[in-house]
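Just so we're on the same page: letters track the sequence lines, and every chain starts at 1.
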Number of protein chains: 2
Amino acid sequence: MRIAEFDREFVLRQAMLAFMQHGYAKTSMQKLTQVTALHPGSLYAAFGNKKGIFLAAIEQYQADRNQQFTALFCQHKPVLPSLRQYLDSIVNECISGDAMKVCLLTKSISEVEGQDSQISHVLMTNLNAYENALAEQFERAIKAGEIPNTRTAEHLARFLAMGLYGLRTYALTNRCEQDLSQLADDLYHAMCN
Amino acid sequence: MRIAEFDREFVLRQAMLAFMQHGYAKTSMQKLTQVTALHPGSLYAAFGNKKGIFLAAIEQYQADRNQQFTALFCQHKPVLPSLRQYLDSIVNECISGDAMKVCLLTKSISEVEGQDSQISHVLMTNLNAYENALAEQFERAIKAGEIPNTRTAEHLARFLAMGLYGLRTYALTNRCEQDLSQLADDLYHAMCN
DNA sequence: CCTTATCTTGAATGTACACTCAAGATAAGG
DNA sequence: CCTTATCTTGAGTGTACATTCAAGATAAGG
């Protein structure tokens, strides 16, 4: 017997970053062997093929983001200050210049849309779950009276999801921190009234 | 002497649609020869290489969209009804299911970001020009009293650009016409107050 | 109608890729 | 310490790609 030597989470996070930086198609297996420090055979033994690595990396990405999200939007804290902090952290990611400025899910769904229905379906499911997580928080905010109940939580979540997808894309066209902060501010205020 | 036989606009529009559908990397020269009905040699003679075809297709895309835009936002008509119509047309594109549901510029900048600075620069320039075109219309709307001057035209244009980039991305996760129309409606109302 | 410059054709070329596999290395169980 | 199941290694394989180029086709100018 012999146990696998590599750290699965490390490998998937490295792969994840490579996919975020170069996209699915242009992340070669050679690149993946470099960033994971694994040889092709090990990668294929562990994940089957390139698509398997990608799907596992998406899962890791989702797990990581979920943990961040639930840590920030803690149940016993008011929603709006967390939302504010969340928006700021996204603006910071957009400005950072590293791979984290893009969302793996939206970037990938834009790339593989109409090419691989399995990957598309996984990405759609994860993005819908993200929207639902936002809706839960808005539900909580409405119940607590932080936000007037003129719009449903689902409605608010949908609008914010759209805004955040747009913010990340817009940041590719204009890296001015002030402009991005202002947009985040606009989104914040669009939620509160 | 002999004149080129093919119709340049037709060829570029076909290439444009292929790039919108499959992305830059995954649109093979073979695909391009198919959709343009031109042989490799002719394409290389006319555009140099694949990147040349892509840049020319972007130029054609920009020209086409510009013409649409200026026809819709006619100088002697009020801005807000045109904006409404514009938003509806984008929602229709999002639902349509064909290649036009994506924006060639935003899809491409997301793909080639950090890979080809020349292409990125061209795309950024075109997207900034688009934002400026929106700002011009908001300027006109403010001057005509259609919109209160609580925010600058540039500010409004930036927010709408972000919203539209987000709307197209969001549509990849949720094709429900009602939801998309509501988002377009939200964007419209976010501009008017 | 012939010349010649230009365009068209599509097979050929070199490269980069995803993926395989057989040989070597290593740890758990006896 | 040996056995054996499993992991690691990395050169090798077939395929798909962007690009080239020489031969063939075609229209304008004389």
For the pair made of CG in Asp7(A) and C1' in dT8(D), what is the distance, rounded to whole Å? 17 Å
In whole Å, I'd like the distance from the NE2 atom of His22(A) to the P atom of dC17(C). 11 Å
NZ/NE/NH1/NH2 to OD/OE distance under 4.0 Å, Arg13(B) and Glu9(B): yes
Face-on cation placement of Arg65(A) at Tyr130(A) ring, 6.0 Å and 45° thresholds: no
Centres of the Tyr86(A) and Phe69(A) rings: under 6.0 Å? yes
By ring-ring contact (aromatic ring centres under 6.0 Å, His included), which residues pair with Tyr44(A), not counting sequence neighbours? none
Just by distance, do the side chain of Glu146(B) and the backbone of Leu80(B) share a donor-acceptor pair under 3.5 Å? yes
Donor-acceptor check, side chain of Ser42(A) to backbone of Leu38(A), threshold 3.5 angstrom: yes or no? no
Under the salt bridge (charged side-chain N to carboxylate O under 4.0 Å, His left out) definition, can you give me all pairs with a residue in residues 150-171 of chain B, not counting sequence neighbours? Asp179(A)-Arg158(B), Glu93(B)-Arg168(B)
Whenever both distances are under 3.5 Å in a Watson-Crick or G-U wobble pair, mark it; put DNA chain D into dot-bracket that way, with [ ] for crossing pairs and | when the partner is on another strand. ||||||||||||||||||||||||||||||
Do the side chain of Gln60(A) and the main chain of Leu12(A) share a donor and acceptor less than 3.5 angstrom apart? no
Taking the six-membered ring for Trp and the single ring otherwise, decide whether the centroids of Tyr165(A) and Tyr165(B) are under 6.0 Å apart. no
Any chance the rings of Phe47(B) and Phe54(B) have centres within less than 6.0 Å? no
Under the side-chain hydrogen bond (donor to acceptor under 3.5 Å, both in side chains) rule, what pairs show up with a residue in residues 100-111 of chain A, not counting sequence neighbours? Lys101(A)-Glu113(B)
At less than 4.0 Å, is any side-chain N or O atom of Ser42(A) found next to OP1 or OP2 of dC7(D)? Yes or no. no
How many Å lie between OH on Tyr44(B) and P on dT20(D), as a whole number? 7 Å
Contact residues, residues 48-61 of chain B to DNA chain D [heavy atom, < 4.0 Å]: Asn49(B), Lys50(B)
So which of residues 24-41 of chain A are in contact with DNA chain D, with a heavy-atom cut-off of under 4.0 Å? His39(A), Pro40(A), Gly41(A)
Rounded off to whole Å, could you give me the CZ-to-P distance for the Phe47(B) and dC7(C) pair? 12 Å
